[in-house]
Protein chains: 2
Amino acid sequence: MARPGTASRLSSDQATSSAATRQALVEAAIGALRDEGFAGASARSIAARAGCNQGLVFYHFGSVVGLLLAALDEVSELRLARYSTAVGGARGPSELVRVAADIFREDLDAGYVTVLAELIAGASSTPGLGAELAKRLAPWTAFAEQAIRDALVDSPLGTLLSGPTIAHAIVALYLGLDMLTQLEADRRPAESLFAEAQRLAALFEVLSATVPDPKEKP
Amino acid sequence: MARPGTASRLSSDQATSSAATRQALVEAAIGALRDEGFAGASARSIAARAGCNQGLVFYHFGSVVGLLLAALDEVSELRLARYSTAVGGARGPSELVRVAADIFREDLDAGYVTVLAELIAGASSTPGLGAELAKRLAPWTAFAEQAIRDALVDSPLGTLLSGPTIAHAIVALYLGLDMLTQLEADRRPAESLFAEAQRLAALFEVLSATVPDPKEKP
DNA sequence: GTCTATACTTGGATAGAC
DNA sequence: GTCTATCCAAGTATAGAC
């Protein structure tokens with residue numbers, strides 16, 4: 001009954017085998033949430049994708065929800081790293097929008113945001129899940145807020161907008177855009193929005209140059 | 001085996017009784033989607049809410065999904081009427097934003113948007129559901145587009161923005177905002193966003209007055 | 001650690017009594 | 001039209017063999 005992580009390593013073969021199975025299950029769970037949604041992400045369906053037995057879900061993760069949360073953790077870590085490095089170099093609204101659109105395009109194709117959206121939707125039928133998701137969502141709103149602050153540091157827009165509020169809206173927009181894109185199986189509306197946002201950001205940069213920040217050195 | 005609607009009316013008692021049951025089931029389905037999500041909206045759970053037998057779901061609506069779509073139709077019709085009359089009188093971005101925020105507040109409290117969000121999330125596990133939802137979503141994006149066009153008719157912003165793209169983004173934002181609000185059980189972030197949008201809309205109105213539209217009569 | 005087998009529960013759907 | 005009874009499929013979870 002020893003659980004992995006608390007169990008002592010008996011042999012490196014067993015350890016690597018266990019880790020491989022865990023990883024296979026996590027990746028299968030991501031795929032199941034993406035392709036079949038929360039309602040379709042059952043232990044059986046996930047195990048079938050992972051090519052292993054259904055019982056291993058409960059051995060490794062305690063419950064189906066436990067595995068789904070592990071899947072979200074994996075996706076979240078992966079994407080947060082990706083966004084961080086990419087957005088880190090962005091200067092100004094226009095560049096930020098371009099970079100964000102590029103990575104969100106990856107998200108749409110890989111269904112990473114869908115994993116989150118399905119879990120949030122599923123939370124209303126699973127007591128306790130909502131609180132776990134809220135915890136995992138916090139780093140994302142914090143990240144969005146920081147990215148916006150950094151990109152607008154030289155712009156009068158920075159003092160005009162409320163950071164936390166806009167960050168919340170961006171996260172909400174990502175969620176909603178992903179859901180609509182999945183539903184209509186059409187990425188073009190999202191692409192149009194990226195282009196529109198890019199135009200507006202460029203426009204704001206011009207306006208910022210016309211009416212420079214008082215703190216800025218001439 | 002006659003289905004209601006195709007069956008001839010045998011007596012007015014039976015007809016009203018049937019209609020009452022249908023209505024009770026539809027309203028129970030709305031409540032179930034709102035409170036228990038797609039995964040929790042089973043025939044048994046809905047029938048229990050409606051105070052009737054589980055088999056009636058299949059008698060009246062053919063399947064659970066059939067009932068859920070009827071529930072969405074009810075909500076959609078109800079809310080589209082509400083939005084239409086309220087937005088119809090709005091002139092200018094600022095007033096449009098204020099009116100839209102007021103009604104969306106109702107949506108959040110009553111969980112109307114949640115019904116849609118849960119169905120979209122559930123669509124990935126139910127073949128054919130996605131197409132039905134897409135059909136029912138179209139009037140909303142069309143409505144949003146028209147409302148924006150009307151409100152911006154006297155503003156240079158109208159020519160600056162792409163109608164269909166912004167409408168799509170608004171619908172996405174509504175979906176995402178609702179999901180986050182339900183998840184965190186906290187309406188304050190949404191309220192902050194309403195206030196922020198109101199401020200920006202007012203600002204745009206001032207700018208529009210400063211740089212009037214060339215077509216406008218002086 | 002992994003698999004097979006199994007207990008138990010819930011849900012979709014139908015048949016037939018009333 | 002509604003209810004009871006029932007069938008069958010699918011899901012969660014555990015026990016025990018390997």
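In what follows, chains are A, B, ... by sequence order, proteins preceding strands, each numbered from 1.
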Quiz item: Under 6.0 Å between the ring centres of Trp140(B) and Tyr83(B)?
Solution: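 Ring-ring flag for Trp140(B)/Tyr83(B): true, centres closer than 6.0 Å.
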
In whole angstroms, how far is the [atom2] atom of [N] from the [atom1] atom of [X]?
X: Leu56(B); N: dT2(D); atom1: CG; atom2: C1'; value: 5 Å
X: Phe58(B); N: dT14(C); atom1: CZ; atom2: P; value: 8 Å
X: His60(A); N: dT14(D); atom1: NE2; atom2: C1'; value: 16 Å

Give the C-alpha distance, both sets of side-chain angles, the deciding distance and a yes or no for side chain to side chain contact (heavy atoms under 4.5 Å, CB included) between Tyr112(B) and Leu78(B). CA-CA 10 Å; Tyr112(B) 290 134; Leu78(B) 218 70; 3.9 Å; yes

Within the structure, does a side-chain N or O atom of [X] lie under 4.0 Å from either OP1 or OP2 of [N]?
X: Ser42(B); N: dT10(C); value: no
X: Ser63(B); N: dG12(C); value: no
X: Ser18(A); N: dG1(C); value: yes

- Message: Using a 6.0 Å cut-off, check whether atom CD of Gln23(A) has over 12 heavy atoms from anything other than its own residue.
- Response: yes

Does atom CZ (Arg188(A)) have a neighbourhood of more than 12 heavy atoms from anything else shown, all under 6.0 Å?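 No - once you tally the heavy atoms of other residues, nucleotides and ligands closer than 6.0 Å, there are 12 at most.
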
Per the under-4.0 Å heavy-atom filter, residues of residues 66-75 of chain B near DNA chain C come out as none

Residues Leu68(A) and Ala29(A): closest non-hydrogen pair is CD2-CB, 4.3 Å

Inset, instruction - Keeping the roles fixed (side chain from Thr126(B), backbone from Ala123(B)), state whether a donor-acceptor pair exists under 3.5 Å. - result: no

Between the side chain of Asp107(A) and the main-chain N/O of Val113(A), is any donor-acceptor distance below 3.5 Å?
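Side chain of Asp107(A) to backbone of Val113(A), a donor-acceptor pair under 3.5 Å: no, none is there.
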
Pair Phe38(A)-Ile120(A), side chain to side chain contact (heavy atoms under 4.5 Å, CB included): steps then yes or no
CA-CA 9 Å; Phe38(A) 183 83; Ile120(A) 294 179; over 6 Å; no

Here the residues of residues 43-55 of chain B within 4.0 Å heavy-atom distance, strictly under, of DNA chain D are Arg44(B), Cys52(B), Asn53(B)

Within residues 23-41 of chain A, those residues having any heavy atom closer than 4.0 Å to DNA chain D are none

Would you give the length of the straight line joining atom CZ of Phe104(A) to atom CG of Leu193(A), rounded to the nearest 0.5 angstrom?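 Spacing of CZ (Phe104(A)) from CG (Leu193(A)) equals 9.0 Å.
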
**Message:** Ser124(B) vs Gln182(A), test: side-chain hydrogen bond (donor to acceptor under 3.5 Å, both in side chains). Steps then yes/no.
**Reply:** CA-CA 8 Å; Ser124(B) 43; Gln182(A) 299 291 333; over 6 Å; no

| task | Identify whether any heavy atom of Val64(A) sits under 4.0 Å from a base atom; if not, whether one sits that close to sugar-phosphate; answer base, sugar-phosphate or nothing. | result |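 It contacts sugar-phosphate atoms only.
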
| Which nucleotide in the list dT2(D), dG1(C), dA13(D) gets nearest to the side chain of Thr21(B)? |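 Of all the options, the side chain of Thr21(B) is nearest to dT2(D).
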
Exercise. Could you check if a side-chain atom of His60(A) sits within less than 4.5 angstrom of a side-chain atom of Ser18(A), using non-hydrogen atoms only?
Key: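 In contact.
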
